[in-house]
Amino acid sequence: MKIFIAFMLFINFAIAVTLTKKEQLYLKNNKIVRMCNNLNWTPIEFMDKNQKPQGISIDTMKLIEKRVGVKFVHIPTSSWRQSQEFLKAKKCDILPAAIKTQKRMKYANFTRAYLNYDLVIITKNDKPYVANLNNILDKPMSRKESSGLIDKLEERYKDIKILKTNTTKGSFEKISNNESYFTIATLPVAFYYISKFYSYDLRIAGYTDMKYQLRIMVRDDDKILLSLMNKGLKSISSREYQNFSTKWSKIDNNHIPNKKFFINLLIGILILAIIALIYIFIIRRKNNDLEESLENFKILVDTMNEGLLHFEDKKIVSVNDVACQMFGYSQNEFKNRYILDLVEGKDKDRVIEALNSEYKKSFHVCLLKKNGSKFKALVCGRDIFKKGKKIRISTILDIDELHRNRNRLENLNKQLEAKIKIELAKNRRKDEILFNNVRLASLGEMISNIAHQWRQPLNVLNLNIEMLLLEFMNENINEVFLDDFIDKNSKIISDLSKTIDNFRNFYQPDKEKSEFSLKELINEVIKIEKSYLREKSIKINFVENDGRIFGFPSEFKQVLIHLINNSKDAIYLQNDPDGEIKVHLEDKGDYHILTILDNGGGIKEDIMNKIFEPYFTTKFQSAGTGLGLYMSKMIIEKSMHGNLSVQNRDKGAIFIIKLPMS
């Protein structure tokens with residue numbers, strides 16, 4: 001069983017970092033991550049003589065670079081406080097090692113804890129050992145300013161007196177100079193500063209009941225970067241973290257003064273004591289990690305779909321929770337029960353044969369529950385030798401339950417398919433209603449355009465009638481005059497009739513797709529709109545390239561009308577006497593690209609991503625429904641398999657229609 005557990009733990013550590021599509025796209029566009037640092041927090045994090053960041057946290061960041069694929073770039077700051085301010089102002093993206101506090105959570109997110117240290121109490125050598133922090137709370141304490149530990153201590157101990165220093169070394173120096181009684185630090189930091197600077201003056205006087213959990217501090221508006229950092233940290237094993245700590249906790253012997261033999265002996269004993277404490281700390285950490293791993297493995301085993309049985313000499317030693325549910329026995333009822341007690345009589349010989357021949361292939365067997373009922377199962381077992389003793393691990397899959405689950409799943413799938421069909425029908429009906437609403441909303445514009453098309457011919461007819469009366473009064477009417485009069489006015493009436501027919505056909509829906517000329521259709525739309533645009537002093541120009549596409553011409557006309565009318569309304573609101581709409585058609589690759597560009601001032605950036613939503617409009621309620629652009633996008637992208645988008649360009653907006661060639 002322990003071999004199996006060790007194997008599972010090995011697999012756990014070997015898992016590679018797997019990125020989602022969003023994370024991969026993020027890395028493609030944001031590979032550089034700006035990192036601000038703590039300047040003097042040796043050995044956790046500090047700047048070397050070349051002003052490059054070093055330490056345990058930096059080694060961790062370097063490993064994340066390799067595992068995740070990001071590139072950390074150091075952003076220089078003058079202090080730890082400024083590093084925090086830079087993160088708050090988004091001038092940097094992460095701080096590699098920080099403690100999580102309520103104040104910092106207002107402007108940053110935090111990863112999982114990756115460095116978890118005991119906090120120790122440091123005093124002068126001549127001070128007594130400290131059994132509990134409460135015993136020295138009346139004494140002054142020194143600590144580096146901007147430390148997250150200060151906030152936690154002040155929250156926990158209201159009367160604590162803290163002398164703030166510029167550096168971590170400064171907090172140790174105040175103890176040496178008798179300006180403060182003690183400081184609190186993580187074990188690696190305490191070990192580093194005592195051994196390097198204060199070997200004969202300071203000591204570790206006791207432990208607090210607090211843990212110092214260091215995390216990566218990430219700017220609060222970048223959730224994907226937070227996820228990438230967590231995945232990178234998760235990929236690093238506890239042994240790798242231990243190697244980082246060991247690397248940066250070495251003592252530089254050049255900094256130990258050459259004193260008398262007995263003093264060196266005392267120092268050696270002190271160092272051995274510190275090493276013993278570190279060893280105890282590491283052992284405790286390992287035990288905690290092992291207990292956590294065992295707990296995780298138990299959760300994994302208990303959440304399997306298969307029942308798991310461990311038995312020796314045909315007697316059951318342990319089972320998982322699934323096996324208890326499968327057979328109806330409790331854990332205690334299973335212990336020391338013979339495996340053959342669970343097998344139906346006719347299948348016992350097959351099970352005995354499998355046990356004696358180290359049978360490793362799966363086989364079907366009929367098993368018995370506590371209540372006497374039977375179920376078919378698929379069994380697979382493997383022998384493992386532990387200290388020369390053979391034990392067996394077997395997995396059991398309830399085939400009957402599998403069939404029942406499969407039937408339930410099939411029924412659920414059928415119900416889901418039926419619901420999907422109903423919802424699709426509702427959506428189709430909804431689209432039809434929306435499209436009809438758009439057509440109704442367009443009727444007002446159609447009538448307005450008819451009025452503009454008819455206005456001049458009706459004026460001409462009226463003038464001709466007045467001219468007829470004048471000629472009649474002057475007795476100048478003859479047969480030639482009447483024929484000419486009838487011809488001219490009949491042509492005008494015929495043009496008026498054609499206008500009605502054009503508008504009637506224009507709004508008549510297409511029943512089937514057909515191939516049509518883009519150039520001809522665009523010219524038809526411009527002809528309908530031109531009279532109204534001329535009245536508003538708006539020019540419309542069309543670069544007459546051609547192309548043929550397959551789709552619904554009437555619906556496509558609707559789209560062009562909506563886009564031109566939007567441009568027209570935007571120009572009108574700008575009150576620009578030089579209003580202009582440019583329509584351009586060209587071929588690119590396998591697509592026709594149609595653009596409609598205006599000089600109407602463009603679209604506000606804060607609503608750019610909303611204008612294609614249904615019922616969204618910037619006009620007065622009496623002037624628009626908010627359905628035109630939504631239905632235009634639906635027609636282009638769903639009915640004609642193209643794409644409709646919008647951008648701001650020059651002094652206006654440009655709508656871009658991309659259609660596949662016929």
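For the single chain, residues carry numbers from 1 onward in sequence order. Values in this document were obtained by computation on a predicted structure and should not be read as measured data.
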>> Under the side chain to side chain donor-acceptor pair (under 3.5 Å) definition, can you give me all pairs with a residue in residues 148-172, not counting sequence neighbours?
In response: R156-D209

>> Can you tell me how the ring of F172 sits relative to the ring of Y193, calling it parallel under 30°, perpendicular over 60° and tilted otherwise?
In response: parallel

> Under 30°, 30 to 60°, or over 60°: which ring-plane class applies to Y192 and F197, parallel, tilted or perpendicular?
Replying inline: perpendicular

>> Walk me through whether Y329 and R337 qualify under side-chain contact (heavy atoms from CB on, under 4.5 Å).
In response: CA-CA 11 Å; Y329 293 105; R337 182 177 293 276; 3.6 Å; yes

By side chain to side chain contact (heavy atoms under 4.5 Å, CB included) - contacts of [X] (at least two apart):
{"X": "E605", "answer": "M608, N648"}
{"X": "K651", "answer": "N599"}
{"X": "L409", "answer": "N413"}
{"X": "A113", "answer": "Q213, R215"}

> What closest approach, in Å, do G148 and T101 show between heavy atoms, and which atom pair accounts for it?
Replying inline: O-CG2, 3.7 Å

> Considering all heavy atoms of both residues, which atom of C324 and which atom of V319 are nearest to each other, and what is their separation?
Replying inline: SG-CG2, 3.8 Å

Hey, is the main chain of [Y] close enough, under 3.5 Å, to the side chain of [X] for a donor-acceptor pair?
{"X": "T77", "Y": "Q82", "result": "no"}
{"X": "S227", "Y": "K223", "result": "no"}
{"X": "S235", "Y": "V17", "result": "no"}
{"X": "T183", "Y": "S142", "result": "yes"}
{"X": "Q331", "Y": "S318", "result": "no"}

> Please walk me through it: do Y129 and R203 pass side-chain contact (heavy atoms from CB on, under 4.5 Å)?
Replying inline: CA-CA 9 Å; Y129 283 97; R203 71 174 179 183; 3.4 Å; yes

With heavy-atom distances below 4.5 Å as the criterion, would you say the side chains of [X] and [Y] are in contact?
{"X": "D118", "Y": "T186", "result": "no"}
{"X": "L228", "Y": "L19", "result": "yes"}
{"X": "F72", "Y": "I64", "result": "yes"}

Could you tell me which residues satisfy salt bridge (Lys or Arg N to Asp or Glu O under 4.0 Å) with [X], sequence neighbours excluded, listed by chain and number?
{"X": "K124", "value": "D201"}
{"X": "R67", "value": "E240"}
{"X": "K370", "value": "E333"}
{"X": "K231", "value": "E23"}

> Is there any salt bridge (charged side-chain N to carboxylate O under 4.0 Å, His left out) pair reaching into residues 171-187, and which pairs are they, with sequence neighbours excluded?
Replying inline: K174-E179

> So which pairs with a foot in residues 268-280 pass salt bridge (charged side-chain N to carboxylate O under 4.0 Å, His left out), sequence neighbours left out?
Replying inline: none

> Given I44, which of W248, Y117, F244 fulfils the side chain to side chain contact (heavy atoms under 4.5 Å, CB included) condition?
Replying inline: Y117

Quick one: side chains of residues 30-38, donor-acceptor pairs under 3.5 Å with protein atoms, not counting sequence neighbours, listed by atom name and distance.
residue : atom : partner : partner atom : Å
N30     : ND2  : Y26     : O            : 3.1
K31     : NZ   : G69     : O            : 2.7
R34     : NE   : D93     : OD2          : 3.4
R34     : NH1  : K91     : O            : 3.2
R34     : NH2  : K90     : O            : 3.0
R34     : NH2  : D93     : OD1          : 3.0
N37     : OD1  : H74     : ND1          : 2.5
N37     : ND2  : E45     : OE2          : 2.8
N38     : OD1  : K144    : NZ           : 2.4

> When you check the gap from the basic side-chain N to the acidic O, do D221 and R219 get nearer than 4.0 Å?
Replying inline: yes

>> Working note: D48 + N50, criterion side chain to side chain donor-acceptor pair (under 3.5 Å); need CA distance, chi angles, decisive distance, verdict.
In response: CA-CA 5 Å; D48 64 14; N50 297 319; 4.7 Å; no

